[in-house]
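I have placed the structure first, in the form of structure tokens, so that the comments after it can refer back to it.
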There are 2 protein chains.
Amino acid sequence: MIRNKTTEYALTILGFMATRNEDMYSAEYLHKQLNIPRRYLRRLLTDLSKHGFLKSTSGRNGGFVFARDLKEINLALVINTLEGYETLCTCILGFSCCIVDKPCIMHDTWMEARSKMVEILSNTTLADLKGKYQMDLIKKTLDGINTV
Amino acid sequence: MIRNKTTEYALTILGFMATRNEDMYSAEYLHKQLNIPRRYLRRLLTDLSKHGFLKSTSGRNGGFVFARDLKEINLALVINTLEGYETLCTCILGFSCCIVDKPCIMHDTWMEARSKMVEILSNTTLADLKGKYQMDLIKKTLDGINTV
DNA sequence: ATATATTACTACCTTTTTGTAGTATTTATT
DNA sequence: AATAAATACTACAAAAAGGTAGTAATATAT
């Protein structure tokens, strides 16, 4: 479950983009904002485009925008796409043979924790993040008004 | 959270040992039972001894036994010991600056899933696994009696 | 004593992941 | 047309993780 830095990067990028309101995000801009290594970030952005999360436009003033509605991208999907389907549903003891029919001793216990996690990740879309972020902004602004 | 195969191996080994009743477990025996690469397994067993989970005896008839009571070893401890303390409590977006005071947009949501997981892992000791395993055995035996 | 079965140590090799470099391509601006 | 600011592609380099090999040390059995 999020074994890779790459997946973390992807969530960072998509989360960031989802919560701002730019028309277009260039790799250079994202690099400066997020501190992800320039070249690696570019490759990852291309990957995210190939996977259908983003849409790229080349040339001057080019960059990346979302290819789909934010509501359609949930966090579990991002993780699954980048790490392969299994990462979110592996046996905690690492037994490849641990399945419902033939569970390992940890199966039920671990399943409970895992399900909770997967549920939350599947139910959180980028649109939700955007909503949350904007609420936070409003709250901060109101606090500012009250205290000043 | 369980980023490494090594951690998986460790849980497999300790879980296996906890649920059987041998006096002593040699690396060779564990290798045959668990299919973990021979040489790597040995190194890991030595590591687990250094970390105070196991106690080793050299020489003929040597091997490994638990160094502490099974009740004192919970799964979160194993994971923390092998992967470093942070693995179980990292920000899902990978922000090192994401803390309670300055949470990322996913902080609360992710915290909820993570806490559930950590709770379960911390509350499950090797002794619990042993108990579960023996219950399973008894159940299977009874089933056998009933069906035969 | 010697042989055997075990762990311990150290160094190395392989694979995967992360990160970099160079060059080509695309497109808006001037 | 030239320039500049972008992405795309391919290959390579570095670091981390996973795995192997050789040899030394230890203790039991014969």
Side-chain angles (χ1 to χ4, degrees), chain A residues 1-13 17 22-67 79 81-84 86-87 90 94 96, chain B residues 1-13 17 22-67 79 81-84 86-87 90 94 96:
Chain A
M1 132 94 294
I2 314 192
R3 286 179 117 99
N4 299 316
K5 213 167 190 177
T6 305
T7 311
E8 252 179 33
Y9 285 160
L11 289 174
T12 305
I13 294 165
M17 288 176 62
E22 308 291 329
D23 293 342
M24 183 76 97
Y25 298 82
S26 73
E28 195 54 24
Y29 175 70
L30 292 171
H31 162 66
K32 278 175 188 149
Q33 295 291 318
L34 302 173
N35 254 315
I36 298 170
R38 201 181 257 107
R39 248 44 201 308
Y40 200 60
L41 171 74
R42 284 225 197 124
R43 232 173 42 182
L44 181 50
L45 286 167
T46 305
D47 276 7
L48 290 172
S49 303
K50 283 185 183 155
H51 282 122
F53 294 114
L54 301 177
K55 210 163 42 186
S56 68
T57 41
S58 287
R60 193 162 181 162
N61 298 345
F64 299 84
V65 293
F66 281 104
I79 297 173
T81 305
L82 290 179
E83 307 206 340
E86 334 70 36
T87 355
T90 50
S96 52
Chain B
M1 133 90 298
I2 314 190
R3 287 178 115 102
N4 300 315
K5 214 167 190 177
T6 304
T7 310
E8 255 178 31
Y9 285 160
L11 290 173
T12 305
I13 295 165
M17 287 177 62
E22 307 291 331
D23 293 341
M24 184 76 98
Y25 298 82
S26 74
E28 195 54 25
Y29 174 70
L30 291 170
H31 163 66
K32 277 174 189 149
Q33 294 292 318
L34 301 172
N35 254 316
I36 300 171
R38 201 181 256 108
R39 248 47 203 305
Y40 202 60
L41 171 74
R42 285 225 196 124
R43 233 171 44 179
L44 182 50
L45 286 168
T46 305
D47 276 7
L48 290 173
S49 303
K50 284 186 183 154
H51 282 121
F53 293 115
L54 301 178
K55 211 165 39 186
S56 68
T57 40
S58 286
R60 193 162 179 167
N61 297 344
F64 300 84
V65 294
F66 282 104
I79 297 174
T81 304
L82 290 179
E83 307 206 339
E86 333 71 37
T87 354
T90 50
S96 50

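Order of the sequence lines fixes the chain letters, A, B, ..., with proteins taken first and strands second; residue numbering starts at 1 for each chain. What you are looking at is a predicted structure, and each value in this text was computed from that prediction instead of being measured.
In terms of heavy-atom proximity, Gly62(B) sits nearest to Met24(B) at O-CG, 3.8 Å. Shortest non-hydrogen contact noted between Thr46(B) and Phe64(B) is N-CE2, 4.3 Å. Minimum heavy-atom separation, Ala67(A) to Gly52(A): CB-O, 3.5 Å. When all heavy atoms of Glu83(B) and Asn4(B) are compared, the pair lying nearest together is OE2-N, 3.2 Å. Shown here for Leu41(A) and Ala27(A), the closest heavy-atom pair between the two residues is CD2-O, 3.2 Å.
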Annotated protein contacts, base or backbone, on nucleotides 21-30 of chain C with a non-hydrogen cut-off under 4.0 Å, one of B, S, - each: BBB--BBBS-
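The salt bridge (Lys or Arg N to Asp or Glu O under 4.0 Å) test applied to Arg43(A) returns no partner, not counting sequence neighbours.
Listed pair Tyr9(A) / dT18(C) fails the phosphate criterion, with no side-chain N or O lying under 4.0 Å from OP1 or OP2. Put simply, Ser26(B) has no side-chain N or O that comes within less than 4.0 Å of OP1 or OP2 on dA5(C).
No side-chain donor-acceptor contact under 3.5 Å links Tyr9(B) to the backbone of Leu44(B).
Exactly one residue among Leu30(B), Ile13(B), Thr6(B) makes a side-chain contact (heavy atoms from CB on, under 4.5 Å) with Ile36(B). That residue is Ile13(B).
Remark: C1' of dT15(C) and OH of Tyr40(B) are 12 Å apart, rounded to the nearest angstrom. The nearest whole Å value for the distance from the CE atom in Met24(A) to the P atom in dA5(D) is 16 Å. The separation between Arg3(A) atom CZ and dT18(C) atom C1' is 17 Å, rounded to whole Å.
Near DNA chain C, meaning a heavy atom under 4.0 Å away, there are no residues from residues 45-55 of chain A.
In this structure, the nucleotide among dT20(D), dA8(C), dT7(D) sitting nearest to the side chain of Pro37(B) is dT20(D).
Using a 4.0 Å heavy-atom cutoff across all strands shown, Tyr29(A) reaches no nucleic acid atom at all.
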